[in-house]
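Written out below as structure tokens is the structure these notes cover.
No hydrogens, no waters, no symmetry mates; every other heavy atom, side chains included, goes into these values. Remember, predicted model here, so these are calculated numbers, not experimental data.
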There are 2 protein chains.
Amino acid sequence: MATDSLALVVTTATGPGILHQLTGVIARHQGDISSVEILDSGRDSPTSRIYLEIALPQADAAASASALLGELRAMSIVRDVEEVQTFQRIYGKRIIIIGGGAQVGQVAIGAISEADRHNIRGELISVDTIPLVGEQPLAEAVRAVARLPRAKALVLAGALMGGDIETAVREVRTRGLLVVSLNMAGSVPDAADLVVTDPVQAGVMTVMAIANTAKFTIDRLKKRVF
Amino acid sequence: MATDSLALVVTTATGPGILHQLTGVIARHQGDISSVEILDSGRDSPTSRIYLEIALPQADAAASASALLGELRAMSIVRDVEEVQTFQRIYGKRIIIIGGGAQVGQVAIGAISEADRHNIRGELISVDTIPLVGEQPLAEAVRAVARLPRAKALVLAGALMGGDIETAVREVRTRGLLVVSLNMAGSVPDAADLVVTDPVQAGVMTVMAIANTAKFTIDRLKKRVF
């Protein structure tokens, strides 16, 4: 997603087909929609609020945006259009930490402290976590990271992970996700890009690996286990 | 968003208007779209991957889903349709922690440990964080929480927050978001639902406040500052 996307909160009438009508107008303006969230579905109120991220043709983005906004505001189903900041501009790249509460908390400490140091210098990295138990919930959570917007790296923080979690790790790596594993029992460390024993260090290294403000390239490391 | 939503990853041809065509078919089936993410925009490949969450009419959801899937698969622009788990089913409710790296990390420790205890009993709570500096970036991040899918509570973790951050806190509370503040300098504690001095305790209390598995109701507390 380009950081210069247009982000809008559109307040509309409710009913089926609203999104179809909005996307029709956006498509006519050659807008490329990257994200849509229905904020209020209209079930408890007479209006819906819809968040849209749209990339417009580069040639004259300001004029395109103004024309698109004008046509959206003129639609009979539209009550209000508010320009807002994109999630990319506000929350930036995401690191996802999944596993046991004890280890996830320690990896988060390292990742948040290190992200702070980079965000102060103009990076934007957020650190998202979920503590989970069990092979299937963990494997599903790993697979779903590949569908999360702005996710760049995944840290597996547990004591024992293998089986379908290993398969899921190999799948998300083919989608371009960086995977860091704590040094743990099971086959997940064998499937990861990087294995780190200390959880705080694992969090720090993961942030460094995705930060443009850091000089740290996993491909250049002479070893893979720390 | 209902937890029984249908979630799909649709692989399509690229080009403007693809989402418009998909939403047209979904609207004809009375599908209520709650979330859309463009996973691969097709800029580097001949296909796009689009994630969709759709609520179908309750009457006969299984038959509706099957009819919708059949019609989507028959579209000339569609290469593949894969059923997946919704983010609600996998990552559940979200707590967002915003502020300084030192404090955000400690609140995260408390929230992640407490979320672990509830997730083991069938809850689903994830803990998302971003370390940020400066009044405007913080105020924008607070406002954007009201646009984040599945966000239920916000913790402000810093040493000094006021001005436009206070205004943003009052705005997101009117959208139904629970706001917890550390005991800090500035006017943000006055605007929050709850003020907690210890950051680990702040994380724990926030999770308890949104967990269905916990007996903790902020409205019933006799005091607001701990």
Which heavy atom of [X] sits nearest a heavy atom of [Y], and at what distance?
X	Y	answer
A:G17	B:A27	CA-CB, 3.7 Å
A:I130	B:N119	CG1-ND2, 4.1 Å
B:A144	A:F87	O-CE2, 3.8 Å

Which portion of [X] sits near chain A, non-hydrogen atoms under 4.5 angstrom:
X	answer
B:L39	side chain
B:R94	side chain
B:I125	backbone
B:V133	side chain
B:R28	neither
B:V25	neither
B:V145	both

Any chance you could measure [X], atom [atom1], to [Y], atom [atom2], to the nearest 0.5 Å?
X	Y	atom1	atom2	result
A:E53	B:R147	CD	CZ	8.5 Å
A:S126	B:I96	OG	CD1	9.0 Å
A:H20	B:I33	NE2	CD1	10.0 Å
B:T23	A:I18	OG1	CD1	11.5 Å
A:R89	B:E140	CZ	CD	7.0 Å
B:L19	A:L19	CG	CG	6.0 Å

Most heavy-atom pairs under 4.5 angstrom with chain A, which of B:V9, B:I98, B:L148?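 Looking at each option in turn, the highest pair count goes to B:L148.
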If you count heavy-atom pairs within less than 4.5 Å of chain A, which of B:G203, B:S113, B:A141 leads? B:A141
So with a 6.0 Å cut-off around CZ of A:R79, is the heavy-atom count from everything else above 12? yes
Does [X] reach the side chain of [Y], with side-chain heavy atoms less than 4.5 Å apart?
X	Y	answer
A:D128	B:Y91	no
B:I109	A:Q106	yes
A:L132	B:L124	yes
A:E37	B:E37	yes

What part of [X] lies closer than 4.5 angstrom to a heavy atom of chain B: side chain, backbone, both or neither?
X	answer
A:A108	side chain
A:A146	backbone
A:R175	side chain
A:Y51	side chain
A:E114	neither
A:I120	side chain

Looking at A:I26, A:I90, A:T129, which makes the most heavy-atom pairs under 4.5 Å with chain B?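 Going by pairs under 4.5 Å, I would pick A:T129.
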